[in-house]
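Notes to accompany the following structure.
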Protein chains: 2
Amino acid sequence: MSQFDNVTVQTKANVYFDGKVTSRTVVFADGTKKTLGIMLPGEYEFGTDTKEIMEIQAGELKVLLPGSGEWLQINGTGEFTVPANAKFKLEIKTVTDYICSYVAE
Amino acid sequence: MSQFDNVTVQTKANVYFDGKVTSRTVVFADGTKKTLGIMLPGEYEFGTDTKEIMEIQAGELKVLLPGSGEWLQINGTGEFTVPANAKFKLEIKTVTDYICSYVAE
């Protein structure tokens, strides 16, 4: 089973959209941060502060990346990157389990 | 902010009830295990293998413990203990953020 070792986990959840999107913050020894999150079916728009790499561990969803006119489809696993200070849209079809990495540039 | 240090986190979520209850497994250096979880509004029944200590970090809910005829009400924060190999019922009123500790006996 995939796991993160020697990390710090914040006990309180990050809660968005009435709990339909939630995540847990994990901080690594080098100070970098990831969140482990769940998105339930629905449509959401998010904004980034830093660049974000979204790794989909499970789920069926569509993603509209900033500046794109085309929805990206992910069924099962996948990955996409969102630049800093940008907005992106998600259409979640089934319960989606993700890892979001925040990348300082 | 409260946090768990020097732990291992499994990257894949535990998903129950179509994602209305999800959790992340955290393993401590001494081998003990906790889950950090979210429950969305609804009614659920769970069964235990080991003794479980449920710490509610946020939420409004009612709990029916095994052998009890009375629902316990929690608004905000609270804690209850469920014995091993038992069933308990939950009525979740608002998004509930919990820490579950699994206690070997």
Side-chain angles (χ1 to χ4, degrees), chain A residues 1-44 53-61 76-79 90-102, chain B residues 1-44 53-61 76-79 90-102:
Chain A
M1 175 157 312
S2 179
Q3 60 190 40
F4 298 141
D5 293 314
N6 301 314
V7 294
T8 291
V9 182
Q10 293 175 6
T11 54
K12 283 233 176 179
N14 311 304
V15 178
Y16 311 97
F17 300 105
D18 292 327
K20 293 180 78 178
V21 178
T22 58
S23 71
R24 304 282 173 180
T25 301
V26 178
V27 182
F28 291 74
D30 64 2
T32 59
K33 191 180 84 167
K34 295 183 197 289
T35 52
L36 291 168
I38 290 284
M39 296 185 284
L40 298 189
E43 299 184 12
Y44 312 105
I53 300 170
M54 284 282 285
E55 178 188 344
I56 305 300
Q57 304 188 93
E60 290 181 23
L61 64 152
T77 62
E79 188 177 295
L90 292 168
E91 286 185 17
I92 306 297
K93 306 292 186 187
T94 67
V95 179
T96 294
D97 186 4
Y98 71 86
I99 302 171
C100 182
S101 300
Y102 301 86
Chain B
M1 174 158 311
S2 177
Q3 61 190 39
F4 297 141
D5 293 315
N6 301 314
V7 294
T8 292
V9 182
Q10 293 175 6
T11 54
K12 283 234 174 180
N14 311 303
V15 178
Y16 311 97
F17 300 105
D18 292 326
K20 293 180 77 177
V21 178
T22 59
S23 71
R24 303 282 173 180
T25 301
V26 179
V27 182
F28 291 73
D30 64 1
T32 58
K33 191 180 82 166
K34 295 182 197 289
T35 52
L36 291 168
I38 291 284
M39 296 184 285
L40 298 189
E43 299 184 11
Y44 310 106
I53 301 171
M54 283 282 284
E55 178 188 344
I56 306 302
Q57 303 188 92
E60 291 181 22
L61 63 153
T77 61
E79 188 177 295
L90 292 168
E91 285 185 18
I92 306 296
K93 306 292 188 189
T94 68
V95 179
T96 294
D97 187 4
Y98 70 86
I99 303 170
C100 182
S101 301
Y102 301 85

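Sequence lines set the chain letters: A, B, ... in the order given, protein chains first and strands last, and positions in each chain run from 1.
With chain B as the partner, the residue from Asp18(A), Asn6(A), Val7(A) showing the most heavy-atom pairs under 4.5 Å is Val7(A).
Heavy atoms of Val15(A) lying under 4.5 Å from chain B belong exclusively to its side chain. Using a 4.5 Å cut-off between heavy atoms, Leu36(A) touches chain B through backbone and side chain atoms alike. The contact between Ile99(A) and chain B is made entirely by side chain atoms (from C-beta outward), counting heavy-atom distances below 4.5 Å.
When the heavy atoms of residues 20-34 of chain A are compared with those of chain B, the residues falling under 4.5 Å are Thr22(A), Arg24(A), listed by number.
Contact record, Ala13(B) with Ile38(A): CB-CD1, 3.6 Å, taken as the closest heavy-atom pair.
Shown here are the ring pair (Phe, Tyr, Trp, His ring centres under 6.0 Å) partners of Tyr102(B), two or more places apart in sequence or in another chain: there are none. Partners of Thr8(B) by side-chain hydrogen bond (donor to acceptor under 3.5 Å, both in side chains), not counting sequence neighbours, listed by chain and number: Asp5(A). With sequence neighbours left out, Glu91(A) forms a side chain to side chain contact (heavy atoms under 4.5 Å, CB included) with Glu43(A), Lys62(A), Trp71(A), Lys93(A).
Side chain of Thr11(B) to main chain of Ser2(A): a donor-acceptor pair is present (N/O by atom type, distance under 3.5 Å, no hydrogens or angles).
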